[in-house]
Amino acid sequence: MNESGRLRVLLADDQPLLRMGFRLILEGEDGLEVVGEASDGADAVRQVGHLDPDVVLMDVRMPTLDGIEATRAITGSGARARIIILTTFDLDEYAFAGLQAGASAFLLKDVAPADLVQAVRVVASGDAVVAPRVTQRLLETYVRGAGPAAAPPAPAPRDPLLEDLTPRETEMLEAMSEGLSNAEIAHRYFLSEATVKTHVRRILTKLHLRDRVQAVVYAYETGLVTPSNPDY
């Protein structure tokens, strides 16, 4: 966010018409500013270094460097930009690969304008939540290998970092993995939202994670949480 308080957004997509459409939507909103456009992943990485955006809308399929590798490069560089992956299908291996690479969320390319704007604002705040149903479908498919034709997955080795969490923080992480917002977690455990936010910050610090979406991915990958209810 710049001195004027506006959220700075970088658009990365090899389709000029899609970039134009997103620009028109975002710049029609108070407090949002499109600071640049990139037509491939390598250019997106360069522009993040020069422009220091708050949020990057990142297509996954681009020439020169795809969106997944660009996301990995950006998050690995220590840039503060948060990344939203753009995909065509909600159950997409690229969507999950993007989350593994450090993205904070993903959206379908045909997202409604109001949902696009809301996603940018929420991701910029660091309070992104992966919808529970989408979380389960992605993680069943791409992390745990669950499904009618799949063999039961081998137990994941417990990450030693989990031992640094207090019992309350472990509860908070499990609740986050259900896709619950801070307000919903506060209601479940009879806590204030401020207390929940403090717990979330401590969890992210202890586990060396960028945001709560990364915490969800981590919880499933380490076997702390496993999807079990198909109506989740």
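Just so it is clear, the model here is predicted, and its values are computed rather than measured. Residue numbers start at 1 and run along the sequence shown.
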Only one of R121, R6, R8, R80 forms a salt bridge (charged side-chain N to carboxylate O under 4.0 Å, His left out) with D54, so which one is it? R80
Looking only at heavy atoms, what is the nearest atom pair of [X] and [Y], with distance?
X: A42; Y: T64; result: CB-CG2, 3.8 Å
X: R188; Y: A175; result: NH1-CB, 4.3 Å
X: V55; Y: A124; result: CG2-CB, 3.7 Å
X: K206; Y: D164; result: NZ-O, 2.9 Å
X: K109; Y: F22; result: O-CZ, 4.0 Å
X: A215; Y: L204; result: CB-CD2, 4.0 Å

Tell me yes or no: between the side chains of [X] and [Y], is some donor less than 3.5 Å from an acceptor?
X: S192; Y: T195; result: yes
X: D14; Y: S39; result: no
X: E37; Y: Q47; result: no

Rounded distance (nearest 0.5 Å) linking atom [atom1] of [X] with atom [atom2] of [Y]:
X: Q15; Y: R61; atom1: CD; atom2: CZ; answer: 11.0 Å
X: S181; Y: H187; atom1: OG; atom2: NE2; answer: 11.0 Å
X: L180; Y: R212; atom1: CG; atom2: CZ; answer: 8.5 Å
X: D66; Y: E69; atom1: CG; atom2: CD; answer: 5.5 Å
X: D13; Y: L18; atom1: CG; atom2: CG; answer: 4.5 Å
X: D43; Y: H50; atom1: CG; atom2: NE2; answer: 9.0 Å

With side-chain contact (heavy atoms from CB on, under 4.5 Å) as the criterion, how do I83 and T75 come out once you've worked through the C-alpha distance, each side chain's angles and the decisive distance to 0.1 Å? CA-CA 9 Å; I83 298 171; T75 58; 4.2 Å; yes
Evaluate R82 against D211 for salt bridge (Lys or Arg N to Asp or Glu O under 4.0 Å), listing each step before the verdict. CA-CA 9 Å; R82 298 185 185 276; D211 56 36; 3.3 Å; yes
